[in-house]
Amino acid sequence: MKPFLLAASLLLIVRASAQPAPVILAPAEGRFVFGPATTVAADETLLPLARYASEYLGCEVEQRMTGESVVVLTLEPGEASERFRLDIASDHILIGGTSPGGVFNGLQALFRLLPPEIYARQGLPAGTALPCGRAEDAPRYGYRGMLLDVARTWMGIDEVKRCIDLLSYHSINKLHFHLTDDEGWRIDIESHPELARIGGFRGGDSPVVAVYGKWPEKYGGYYTQEQMRSLIEYAALRNVEIIPEIDLPGHSRCIGSLHPEIRCAYPADTAATAGTDYRSAWCVAREENYTLLEDILDEICALFPSEYIHIGGDEVEVSQWEKCPDCQALMRRLRIDDPHRLQDRFMDRLTAMLTARGKRPAVWNEAAASGAFTRESRVHGWESVEACRKATAQGYRTVIMPSECFYFDMRQTPREEGHSWASIFDARKTFGFDPAQRGFSEEQLHRVEGYEAAFWSEIYVSHEPEKPDYIDYMCFPRLCALARIAWNGNSEGWDAYYKELVSEHYDRMAAMGIGFRLFPPQLRYEDGVFTAATDDGATIFYTVDDGKPRRYTHPLHTSEPHRYRFCSHYKTGRSPQVADKSYYRTIAPKLRISSSMPESPRASYTRAAEYRSTSRTLRTCRKGDWILYTFEKPVASREMYFQTGHLQLPKTQITTGYAEVSFDGQHFERAGDLENGSIRLHPDRAIRAVRLVSTCHGNGTPYVTIQPPQIKPNL
């Protein structure tokens with residue numbers, strides 16, 4: 001009976017602590033005990049990986065492959081793959097694979113069997129033991145990726161290394177590195193040093209105008225080629241391939257600011273932008289552009305070992321080519337009438353450059369939409385599930401990353417931070433994605449390379465990117481869910497996975513130093529009583545009037561529920577704040593909006609004044625411009641919020657300015673400075689009008705967005 005209980009216990013331990021990749025274990029009798037005599041040994045090729053393991057296990061590295069209490073890493077014969085074998089015996093642990101990546105996966109499987117403190121790299125407590133057994137496993141997909149956008153928000157070497165570590169702990173093996181965009185160029189091109197050394201910075205005296213956050217300062221950075229080589233080597237040891245992206249031919253406002261000649265041959269209208277050329281596409285017809293692109297891709301291909309170089313192809317504003325006499329002449333010579341076909345020609349030329357250098361192109365789904373693009377490419381389907389289905393139906397090897405499930409810059413509930421244009425979702429929706437249930441045929445499924453998450457960083461720049469709190473909160477545990485389905489699928493169902501996530505992996509993420517997101521507390525207000533609960537062991541806190549947090553220990557009696565907010569904490573994890581519906585209640589008093597800036601005919605000021613939608617000006621703001629909100633009657637409230645720019649996105653706003661209030665509609669007094677284009681007022685009497693005044697010259701875009709005001713009534 002004893003051996004049976006030991007075997008059952010071992011099976012339970014392995015399956016319960018298997019995150020993100022559960023393993024099938026054949027249990028055996030005995031146990032392996034870690035102690036002062038434990039060492040790590042490896043084949044010559046795997047010695048760097050042995051040294052990596054020793055940092056976590058707290059063991060010495062030795063050359064001997066046999067002996068007592070030794071962890072052995074070994075390469076085995078066979079076709080290279082990510083499959084691994086993990087044998088735990090009483091006197092040794094053996095991790096074998098046909099590639100270093102397979103051995104790395106086996107090492108991570110071992111880490112997941114050990115106490116969470118393993119990730120603190122402080123060694124194991126004396127006497128830590130594992131029951132004996134054997135496991136073999138391999139991933140469902142060979143591509144398990146994460147896009148990291150460092151063009152919009154700069155992330156230094158240490159921040160990227162931390163990201164690589166976290167990806168590797170979760171068996172993510174591809175880092176799609178978004179290095180260029182309209183707002184920054186992050187990789188040094190030695191033949192054209194101005195691209196990164198000037199274009200790596202925006203604002204201040206940079207020719208690259210600030211569009212997202214950090215408005216008053218010259219902000220940014222770039223990676224030297226030596227630094228990038230060190231990152232590539234760091235990632236490779238951890239079974240992470242870095243795939244660079246140079247986004248072309250659109251999303252190129254930054255390089256256009258440095259080399260205006262790459263743009264189309266017609267004068268830009270800069271009146272609306274206060275002098276900024278807002279065009280973002282390369283001219284397809286200008287032959288000299290391809291010489292510059294040859295120089296860039298020559299160095300990119302030599303620098304990155306990846307077989308694929310991502311060359312973009314998304315969101316190209318073809319209207320610029322329609323205005324260009326040279327592009328129009330090229331269309332006539334090619335006998336085409338659709339400017340999108342010019343993109344096909346452009347991408348074909350880039351593909352030829354890559355092919356000549358032994359590389360293949362990766363592109364966004366728009367670049368392959370016509371079906372004319374080479375099948376040697378890899379398509380990243382981001383726009384929708386339908387775009388992914390279309391790419392696979394056309395015969396393209398496809399990375400599945402529909403924004404509605406895998407864009408981790410999206411909000412997780414309606415009132416949290418993040419975008420909402422694609423979807424609002426949390427880890428449950430990510431975990432639930434299954435292409436077989438989304439209309440993919442068997443033939444199409446064979447063309448699915450794997451899954452990729454994306455963290456686009458337009459919002460990150462305004463959330464203290466010097467700290468990792470925001471990126472952690474947005475990506476975890478959604479990334480855990482993606483890692484699980486990319487490795488093993490989701491056949492166990494959400495309830496079983498969530499139980500494992502909470503009971504096992506929360507502690508591991510805490511040990512990894514991740515500021516992960518908890519699911520919000522369940523809140524109920526009835527008959528004057530607040531009750532709050534969680535199902536994850538987290539501690540609940542509440543605030544009254546946003547005061548000092550207090551621990552929730554029992555139901556709260558109050559007749560003013562709008563004053564209360566609740567959240568929960570578990571180690572490094574935190575939940576969003578939740579409140580009674582009365583906290584969010586707003587009113588819509590009759591209002592007129594006017595401005596020194598002309599209004600856009602397509603988005604008139606009445607849209608925001610009637611609380612229906614956003615309004616837009618017809619040009620950007622200049623110093624002294626104003627927006628005036630005049631109420632039909634004075635309005636009493638406990639809070640008023642006036643916002644320019646996109647919701648939760650620091651763009652198209654009045655970047656610096658102040659607010660004035662009037663109680664009679666004629667005399668105004670200063671009420672405070674704008675922060676991120678907005679101001680929150682807590683008036684002590686009824687207000688008749690509010691005026692926002694600009695102290696900046698331009699915001700880098702052609703207009704200012706005006707949001708409907710949010711007014712909370714006195715209760």
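All values derive from a computational prediction rather than experimental measurement.
For the residue pair Trp364 and Glu245, the shortest heavy atom distance occurs at NE1-OE2, 2.9 Å. Taking all atoms of both residues into account, the shortest heavy-atom contact from Ala42 to Ala50 is CB-CB, 3.7 Å. Smallest separation of non-hydrogen atoms from Val103 and Gly97: CG2-N, 3.6 Å. Summarising the geometry of Ser575 relative to Pro521, their closest heavy-atom pair is OG-CD, 3.5 Å, with the distance given to 0.1 Å. Annotation for Ile309 and Pro244: closest pair CD1-CG, 3.7 Å, computed over non-hydrogen atoms. Residues Val240 and Ile172 approach most closely at CG2-O, 3.5 Å, considering heavy atoms.
By the 4.5 Å heavy-atom criterion applied to side chains, Leu175 and Ile164 are counted as neighbours. Put simply, the side chain of Thr39 does not reach to within 4.5 Å of the side chain of Val61, judged on heavy atoms. The closest side-chain heavy-atom distance from Phe304 to Met228 is below 4.5 Å.
Looking at residues two or more places apart in sequence or on another chain, you find a salt bridge (charged side-chain N to carboxylate O under 4.0 Å, His left out) between Lys467 and Glu464. For Tyr56, the ring-ring contact (aromatic ring centres under 6.0 Å, His included) partners at least two apart in sequence or on another chain are Tyr52, Phe111. Under the side-chain hydrogen bond (donor to acceptor under 3.5 Å, both in side chains) criterion, Glu233 pairs with no residue at all, not counting sequence neighbours. For Thr128, the side-chain hydrogen bond (donor to acceptor under 3.5 Å, both in side chains) criterion is met by no residue, not counting sequence neighbours. Residues meeting the salt bridge (charged side-chain N to carboxylate O under 4.0 Å, His left out) test with Glu62, sequence neighbours left out: Arg64.
Taking the six-membered ring where the residue is Trp, the centroids of Phe32 and His92 are separated by 6.0 Å or more. No close placement of the Tyr460 and Trp154 rings is indicated, their centers lying 6.0 Å or farther apart. For an aromatic pair to be called close, the ring centres must be under 6.0 Å apart, and His380 with His176 satisfies this. Outside the 6.0 Å centre-distance limit, the rings of Tyr143 and Tyr451 are not counted as a close aromatic pair. Between Tyr473 and Phe516, the ring centre distance reaches or exceeds 6.0 Å. Remark: aromatic rings of Phe406 and Phe433 are close, center separation under 6.0 Å. Aromatic pair Phe431/Tyr498: centroids not less than 6.0 angstrom apart.
Arg484 CZ to His170 NE2: the interatomic distance, rounded to the nearest 0.5 Å, is 10.5 Å. Here Ile485 contributes atom CD1 and Arg140 contributes atom CZ; the two are 7.5 Å apart, rounded to the nearest 0.5 Å. The distance from the CD atom of Glu68 to the OG atom of Ser90 is 7.5 Å, given to the nearest 0.5 Å. Here the SG atom belonging to Cys132 is positioned 7.0 Å from the CD1 atom belonging to Ile88, to the nearest 0.5 angstrom. Distance check: Ile471 CD1 to Phe476 CZ gives 8.5 Å after rounding to the nearest 0.5 Å. Taking CE from Met401 and CD from Glu449, the interatomic distance works out to 14.0 Å, rounded to the nearest 0.5 Å.
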Report task. Under the salt bridge (charged side-chain N to carboxylate O under 4.0 Å, His left out) rule, what do Glu404 and Arg438 come out as? Steps first, then yes or no, please. Result -> CA-CA 13 Å; Glu404 66 194 65; Arg438 302 295 289 268; 3.0 Å; yes

Requested in this report: With salt bridge (charged side-chain N to carboxylate O under 4.0 Å, His left out) as the test, would you mind laying out the steps for Glu136 and Arg134 before giving the verdict?
Outcome: CA-CA 7 Å; Glu136 289 190 37; Arg134 177 173 181 169; 3.0 Å; yes

Query raised in the report: What do the steps show when you test Asp43 against Leu73 for side-chain contact (heavy atoms from CB on, under 4.5 Å), and what is the final call?
Result: CA-CA 7 Å; Asp43 297 337; Leu73 311 181; over 6 Å; no

Report task. Check step by step if side-chain contact (heavy atoms from CB on, under 4.5 Å) holds for Val160 and Leu231. Result -> CA-CA 8 Å; Val160 178; Leu231 274 179; 4.0 Å; yes

Report task. Decide yes or no on side-chain contact (heavy atoms from CB on, under 4.5 Å) for Leu354 and Cys301, but give the supporting numbers first. Result -> CA-CA 7 Å; Leu354 295 178; Cys301 292; 3.6 Å; yes

Query - Working for side chain to side chain donor-acceptor pair (under 3.5 Å), residues Asp165 and Tyr119 - result: CA-CA 10 Å; Asp165 280 332; Tyr119 296 101; over 6 Å; no

Query raised in the report: When you look at Glu299 and Ser191, which way does the side chain to side chain donor-acceptor pair (under 3.5 Å) test go after all the steps?
Result: CA-CA 8 Å; Glu299 294 191 33; Ser191 60; 2.7 Å; yes

Requested in this report: Please test Asn490 against Tyr497 for side-chain contact (heavy atoms from CB on, under 4.5 Å), starting from the C-alpha separation and ending with a verdict.
Outcome: CA-CA 8 Å; Asn490 56 12; Tyr497 175 72; over 6 Å; no

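Note on Lys499 versus Asp535: no salt bridge recorded, every NZ/NE/NH1/NH2 to OD/OE distance being 4.0 Å or above. Under 4.0 Å is where a charged nitrogen must lie from a carboxylate oxygen, and between Arg152 and Asp149 at least one such pair does. Of the charged side-chain nitrogens involved, none lies within less than 4.0 Å of a carboxylate oxygen, so that Glu416 and Arg411 do not count as a salt-bridged pair. A salt bridge does not link Arg574 with Asp472: none of the charged nitrogens is closer than 4.0 Å to a carboxylate oxygen. Ionic pairing of Glu466 and Lys214 is present here: one or more N-O contacts between side-chain nitrogen and carboxylate oxygen are shorter than 4.0 angstrom.
Within 6.0 Å of CD in Glu307 there are more than 12 heavy atoms belonging to other residues, nucleotides or ligands. In the displayed structure, Arg31 atom CZ is contacted under 6.0 Å by at most 12 heavy atoms of other residues, nucleotides or ligands.
Stacking of Arg478 on the aromatic ring of Phe425 is recorded, both the 6.0 Å distance cut-off and the 45° axial limit being met. At least one cation-pi condition fails for Arg186 and Tyr222: the charged atom is not both under 6.0 angstrom from the six-membered ring centre and inside a 45 degree cone around its axis. Cation-pi geometry between Arg238 and Tyr234 is met: the NZ or CZ atom falls under 6.0 Å from the ring centre, inside 45° of the normal.
Counting only N and O atoms by type, the side chains of Glu117 and Gln122 include no donor and acceptor under 3.5 Å apart. Using a 3.5 Å distance cut-off with no hydrogens or angles, the side chains of Gln108 and Ser171 do not pair a donor with an acceptor. In summary, the side chains of Gln227 and Ser230 do not present any donor paired with an acceptor at a separation below 3.5 Å, with no hydrogens or angles considered.
The backbone N or O of Val461 lies less than 3.5 Å from a partner atom in the side chain of Thr153, making a donor-acceptor pair. Side-chain atoms of His178 come within 3.5 Å of backbone atoms of Thr180 as a donor-acceptor pair (strictly under, hydrogens ignored). Side-chain atoms of Lys359 come within 3.5 Å of backbone atoms of Ser306 as a donor-acceptor pair (strictly under, hydrogens ignored).
Identified under the salt bridge (charged side-chain N to carboxylate O under 4.0 Å, His left out) test for residues 69-86, with sequence neighbours left out: Glu76-Arg85, Glu82-Arg144, Arg85-Asp87.
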